[in-house]
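To start, the structure itself, in structure tokens.
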Amino acid sequence: MISTIVSSVLFLGCLALILSEKIHRTITAIAGAALMVFIGKILGFYSESGALEAIDFNTLGLLFGMMILIAMLEPTGFFQYLAVQAARASKGSPVRLFVLLGTITTVLSMFIDNVTTVVLIAPVTILISQIIGISAMPFLVAEALLSNTGGVATLIGDPPNVLIGSAANLSFNDFLIYSFPIVIFVWAGALILLRYLFRKELSKKPKSIKAIMRLNPSESLNQPKDARRILIVLGGAIFFFFIHHTLHISPAVVALSAAAIALVWVQPDVHEMFKRIEWSVLVFFAGLFVMVGGLEHAGVMDLIVSVFVQFSDIDPLLFGVGMIWVVAALSAIVDNVPITIALIPVIKGLGENGLDISPLWWALAFGAGFGGNGTIIGASANIIVATLSEKTSTPITSKIWNRRGLPVMLLTCLISSILYAIFFRWM
Amino acid sequence: MNITACMEKNVVSVHESVSIKDAAKIFVKKHIGLLPVVDDEKKPIGIVSIGDLLALELPGFVSFLSDVDFVHDFGAVENTRPPLKVLNKSVKTIMKPAFTIETDCGLLLAYALMLQHNLQYLPVVSKTKKLVGIVSRVDVGAKILSTWQKAKK
């Protein structure tokens, strides 16, 4: 009993610290993990080997492999190139530019994590909107929201999906079958709603269309040869993601092999490339895995499962839809990664108690993915566009986010709930 | 030879209470690159460079992007001016900490300091820390090079 209480207090304390942002979340995670192992050793519920087993190396490997590929693609200017092409294709129409940049961001975020997508596309978005003389704000808000939305579509688009895929043994194709079609509708709904919410800003007449027609796409691509090579490898990796289940190889092996091939082919400055890897994210994940592993060993998860099992008479459809909204609400306030890592063992436990949990994995993915849109701190992508916008004449405030992001979160959760209910029996 | 051999003794400075807009006027009129900011006792408490003022107009995306070589027309950005609210603030709000040297500083040391701290200008102060002159990289560099002609074989 004492171990359940102590470990729960430690975990909730760490969540609160992550929420308060007083200390960097990675520091909280690694300190929390060390404390969990320490306390677990004293109280006898956790050990070093238990902690190591709790780390999902499949998730870390997949994230690490993709990070290497993107860290190599970043300096080639490929993302800048896409945005410049979009700008020229828009011919200066703000609405067309809005749709094009939004679509590019969504497609990129399906294969690249949302934060990286936004980090690479937002600066050139600010450039484009400022030289034609319109506010960058609608574009930046839309890019964050649409990258969060697009990421839900694939196994590799979003860290919660990587976690869910690894825990539930869902393949890349499972996501294409169950998540992708729903995300298409959700995305279209989000884009239409955003177009409406920003109707005033987007109807402003640009001051200087000529300037974007003079942007030179080929000059924006710094290293075309490297870009081509990395894109070929990335394409190959995506092909192998399609068939990884049939070949019985894990997504982590696909990603890490692709990273290895790209490294051999391009031979970048390794020191510079590794600087662009988000080590803090990887350590954050590892720390959370160890902490949640401690909760499991202390019996906290069994306790939560036994509470949930009492509600198992509830219609499973209602349970799933409820899960979408509860997880979404939580993800709007706290980082969706700890929530996903903590809920995975709970869902697994419900499965061991005889519940059909396969639809619940999708409910978790939708809630964690779309929930982050609700607040300015709900997802890292939101924080990034808000920070970048501070250097423009129209900074993104939480007031703006509540009027634009929150409706999008509610609509995306609503559409996904409806589609979830319709397709429930096939999930 | 020390720094007094090449410094500009007729140094233009501004009081900390001067507005950014008025400081800009001095930059234009005197055609200079750096203005030491001084207190009532003429002691330098900071510096404002022409670049610090231009940074107020430069769009933020320039610092986010690795290069803007592919941009051939700044379009609407070319004609943005900092808002009056910003221009009416005092120079104290944007000044950088003053890095100064004393009058007995050697030329090569002065040059090394400018190089390492990435400074184009160095204000020179007296023993009592009062502003007495200013040198540019060209002032110091040309003075050093002038000694080469006298070098023995």
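Computed from heavy atoms alone, side chains included, the values below leave out hydrogens, waters and symmetry copies. All chains are named by letter (A, B, ...) in the order of the sequence lines, taking the proteins before the strands, and each is independently numbered beginning at 1.
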When the 4.5 angstrom heavy-atom criterion is applied to A/Gln80 and chain B, the contacting part is side chain

* A/Arg199 atom CZ, neighbour heavy-atom count above 12 within 6.0 Å -> yes

Residue from A/Val119, A/Thr392, A/Leu215 scoring the most non-hydrogen pairs under 4.5 Å with chain B is A/Leu215

In this structure, CG of B/Asp69 is separated from CG of A/Asn222 (nearest 0.5 Å) by 8.0 Å

| request: Step through the shown structure and confirm whether more than 12 heavy atoms of other residues, nucleotides or ligands are within 6.0 Å of CD on B/Gln116. | output: no

Scored by heavy-atom pairs under 4.5 Å with chain B, the best of A/Leu388, A/Ile132, A/Val124, A/Val84 is A/Leu388

Inset, instruction - Given side chain to side chain contact (heavy atoms under 4.5 Å, CB included), test B/Asn79 with A/Ser208 step by step and report yes or no. - result: CA-CA 11 Å; B/Asn79 297 309; A/Ser208 175; over 6 Å; no

In short, B/Ala76 meets A/Gly133 closest at the heavy-atom pair CB-CA, 3.3 Å

CZ of B/Phe61 to NZ of A/Lys391, rounded to nearest 0.5 Å, is 12.0 Å

Shortest non-hydrogen pair, B/Leu65 vs A/Pro123, comes out as CD2-CB, 3.8 Å

If one checks every heavy atom of A/Ser220 against chain B at 4.5 Å, the contacting part turns out to be both

Heavy-atom closest pair (A/Arg214 atom, B/His72 atom, distance to 0.1 Å) is O-CD2, 3.3 Å

Other residues, nucleotides and ligands only: do more than 12 of their heavy atoms fall within 6.0 Å of NE2 on B/His31? no

Turns out that what part of B/Thr80 lies under 4.5 Å from chain A's heavy atoms comes down to neither

### B/Tyr111 atom OH, neighbour heavy-atom count above 12 within 6.0 Å
no

Would you say OH of A/Tyr81 has more than 12 non-hydrogen atoms from neighbouring residues, nucleotides or ligands within 6.0 angstrom?
no

Between the CZ atom in B/Phe70 and the CG atom in A/Asn216, the distance rounded to the nearest 0.5 Å is 9.5 Å

Applying a strict 4.5 Å limit to non-hydrogen atoms, the region of B/Val62 in contact with chain A is neither

**Asked** Is the number of heavy atoms from other residues, nucleotides or ligands within 6.0 Å of CG (B/Asp104) greater than 12?
**Response** yes

